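Okay, structure first, notes after.
Because the structure is a prediction, the values reported are computed rather than measured.
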Amino acid sequence: MLENVTVIIPAHNRPNRLQRLIDYYSNTGIQILIPDSSDRKFTGRLEAPGITYIHRPRMHFFNKIHEVLPLIDTDYVLYCADDDFTVPAAIKQITDFLDANPDYSIAQGHYLTFTPQGDKISFSPRYIRNFDNRITGSDAMDRMMHEKGMYASMLYGVTRSDIFKRIYSYCFDETGNMRFSNLFLAEEFFNHAVLIHGKYATLPCFYSARERIKGSATETTIPVSVIKNSPKYADEYNGFIRALALMLAEHDGIATDEAEKRIRLVSSCPKASGSVTFKRKVNQILSSHKVFAPLAQLSEWRYHQKGLKAVKHLPSYPCTFSTPEKEEIIRAIHSQPLD
């Protein structure tokens with residue numbers, strides 16, 4: 001069904017979750033690349049056809065991806081974290097859309113967050129501010145500026161493989177060293193890079209369920225706002241700018257200096273409105289102190305209820321009702337104990 005698609009699972013120290021995802025895709029025909037930076041080599045089942053597993057202990061994300069790029073021989077590629085599920089039927093719908101719309105470089109659908117709670121699993125809507133968003137500007141600059149108002153990331157969307165391979169080549173300098181390494185910058189880089197090469201669409205389908213795990217790597221990664229504004233990280237930020245500027249210069253046929261000015265302009269724009277930023281700061285404070293735990297739980301409950309109300313009549317957000325795709329994910333979750 002998905003022979004024209006490769007899924008990259010950048011695994012790291014979650015062997016049981018990796019196994020359940022491998023099993024989930026086992027009968028779909030999708031090609032699976034697993035660059036695994038776990039401390040220990042995965043010893044689970046890898047018998048399904050189309051799986052390539054590479055163990056590189058503690059290797060950085062960019063280096064893992066760089067190593068598997070030559071192995072991608074399908075028309076489309078996507079990331080799926082080892083604690084997530086991207087729905088095969090939705091992937092097929094999106095590749096059909098991209099086949100019919102060659103000016104789009106990437107597309108995705110609607111997301112849920114899931115939280116295992118004993119024998120039960122709680123589902124919540126995710127990225128509801130952008131459930132129908134499209135970026136259709138006629139030039140790269142216009143598309144990148146449009147993205148700065150989006151709440152949803154594009155990192156886990158379905159991308160054309162030739163574009164995917166091309167954009168990651170800019171993450172390394174002439175000597176083979178990474179231009180930057182921060183994982184949040186890596187996500188922002190991807191969002192800008194795919195838009196340099198084409199348009200973006202969110203399709204109205206249930207696309208992915210993402211597990212909420214406390215203590216994930218993103219909670220210990222330096223925020224982009226710090227990287228951009230602290231002299232301590234100037235080299236890191238300049239490397240990020242350089243990678244995008246070289247890409248834009250080549251794509252638009254302009255001088256690198258002019259491309260860098262444009263990238264810095266895009267990068268300096270706020271990602272979210274003032275009210276959204278304020279709410280995030282409040283939630284960060286509440287979640288970082290035990291004394292505020294009841295308030296944090298109340299805030300989370302209110303956000304959950306607001307989200308459920310917003311997507312109540314949307315079949316692409318099956319939070320409170322059953323669909324075959326959701327039930328298949330539930331079975332996969334219950335098939336493996338947590339790591």
Inspect the contact between Glu211 and Arg14 and indicate whether a charged nitrogen and a carboxylate oxygen are less than 4.0 angstrom apart.
no
Testing Tyr111, Tyr156, Tyr317 one by one against Tyr207 for a ring-ring contact (aromatic ring centres under 6.0 Å, His included), which residue passes?
Tyr111
According to a 4.5 Å side-chain heavy-atom criterion applied to Ile, Leu, Val, Met, Phe, Trp and Tyr, with indirect links allowed, do Tyr200 and Val266 form part of one hydrophobic cluster?
yes
For a quick test of your reading: what N or O donor-acceptor pairs under 3.5 Å do the side chains of residues 237-249 make, sequence neighbours left out?
residue: Tyr237; atom: OH; partner: Ser267; partner atom: OG; Å: 2.5
residue: Asn238; atom: OD1; partner: Arg264; partner atom: NH2; Å: 2.9
residue: Asn238; atom: ND2; partner: Ala234; partner atom: O; Å: 3.1

Could you name each residue pair satisfying salt bridge (charged side-chain N to carboxylate O under 4.0 Å, His left out) that touches residues 23-35, not counting sequence neighbours?
Asp23-Arg45
Could you tell me whether Asn101 atom CG has more than 12 heavy atoms of other residues or ligands within 6.0 Å of it?
yes
Kindly confirm or rule out a cation-pi arrangement of Lys326 over Phe206, judged by NZ or CZ under 6.0 Å from the six-membered ring centre and within 45° of its axis?
no
Salt bridge or not between Arg17 and Asp83? Use side-chain N to carboxylate O under 4.0 Å.
no
Go through Tyr76 and Phe164 one step at a time and tell me if the ring-ring contact (aromatic ring centres under 6.0 Å, His included) criterion holds.
CA-CA 9 Å; Tyr76 299 105; Phe164 187 92; over 10 Å; no
Assess whether a salt bridge exists between Asp173 and Arg179, defined as any Lys/Arg side-chain N lying under 4.0 Å from an Asp/Glu carboxylate O.
no
Ion pair Glu188/Lys148, N-O distance below 4.0 Å
yes
Ion pair check, Asp139 and Arg143, cut-off under 4.0 Å:
no
Counting only heavy atoms not in Glu258, do more than 12 sit closer than 6.0 Å to its CD atom?
yes
Any Lys/Arg nitrogen of Asp39 or Arg58 sitting under 4.0 Å from an Asp/Glu carboxylate oxygen of the other?
yes
Check the orientation of Tyr104 and Phe97. Use parallel for under 30°, tilted for 30 to 60°, and perpendicular for over 60°.
perpendicular
